[in-house]
Amino acid sequence: QVQLVESGGGLVQAGGSLRLSCSASGSIFSIAFMGWYRQAPGKQRELVAGVTSGGSTNYADSVKGRFTISRDNNKNTVYLQMNSLKPEDTAVYHCNAVIRRSSRSPYDDGYWGQGTRVTVSS
């Protein structure tokens, strides 16, 4: 059993900042990837930022220079620091992790958090 628990969403004015956290717990051998996706009303879910176990990061063009993803491998936790927020950043943000549950497992599984809502007012 693996759980992803997110926190840190809320309501903020344009130009403000928020920090999202996502912690993975349960039967975990390794985590290859952790990332944040978001889904705004009427839109498809999109990747916001991701980080591999080796520390490589990638960002959506729309958030480059404003958002920073980081990861604490010892705590199985990923963070998303969001600065200079815009109304178009309003969405439900979902944590995603690609996890191998056992050293004997030949494959990784993807897991999702329940989502945390971010609302940016103009």
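Worth saying up front: this structure is predicted, and the values here are computed from it rather than measured. The figures here come from the full heavy-atom set of this structure, side chains too, leaving out hydrogens, waters and symmetry mates.
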Mind checking the OG-CE spacing from S53 to M34? Nearest 0.5 Å is all I need. 11.5 Å

Are the side chains of Q81 and S17 in touch, meaning some heavy atoms are under 4.5 Å apart? yes

From CG (L4) to OG1 (T77), nearest 0.5 Å: 10.0 Å

Minimum heavy-atom separation for G8 to L18, with atom names? O-CD2, 3.9 Å

Quick check: is L47 connected to V98 through a chain of hydrophobic side chains (ILVMFWY, heavy atoms under 4.5 Å apart)? yes

Any salt bridge between K86 and D89, counting N to O under 4.0 Å? no

Which of N58, V63, T57 passes side chain to side chain contact (heavy atoms under 4.5 Å, CB included) with I69? Answer is T57

Which heavy atom in A49 sits nearest to a heavy atom in Y59, and how many Å separate them? CB-CD2, 3.6 Å

Going by heavy atoms in the side chains, are R45 and N96 under 4.5 Å from each other? no

May I ask you to test the H94-C22 pair for a side-chain heavy-atom distance under 4.5 Å? no

To the nearest 0.5 Å, how far apart are CZ in R66 and OG1 in T68? 11.0 Å

V78, I28: one ILVMFWY side-chain cluster at the under-4.5 Å cut-off? yes

If I take atom CZ from residue R38 and atom NZ from residue K43, how far apart are they, to the nearest 0.5 angstrom? 8.0 Å

Side chain of E6, backbone of Q114: donor and acceptor closer than 3.5 Å? yes

Taking the side chain as every heavy atom from C-beta outward, state whether M82 and V48 have any atom pair closer than 4.5 Å. no

Looking only at non-hydrogen atoms, find the nearest pair between S122 and A14 and report the distance. CA-CB, 4.3 Å

Can you hop from L80 to Y111 via hydrophobic side chains spaced under 4.5 Å? yes

Are the side chains of V118 and L20 in touch, meaning some heavy atoms are under 4.5 Å apart? yes

Would a 4.5 Å heavy-atom cut-off, applied to side chains only, mark W36 and C95 as touching? yes

How would you list, by chain and number, every residue that makes a side-chain contact (heavy atoms from CB on, under 4.5 Å) with T90, sequence neighbours excluded? T119, V120

Nearest 0.5 Å please: distance from the CG atom of D108 over to the CZ atom of R101. 12.0 Å

For Y93 and F67, take the angle between the two ring planes, folded into 0 to 90°, and tell me which bin it lands in: parallel under 30, tilted 30 to 60, perpendicular over 60. tilted

S70 meets the side-chain contact (heavy atoms from CB on, under 4.5 Å) criterion, sequence neighbours left out, with Y79

OG-CD1 distance between S27 and I99, expressed to the nearest 0.5 angstrom: 9.5 Å

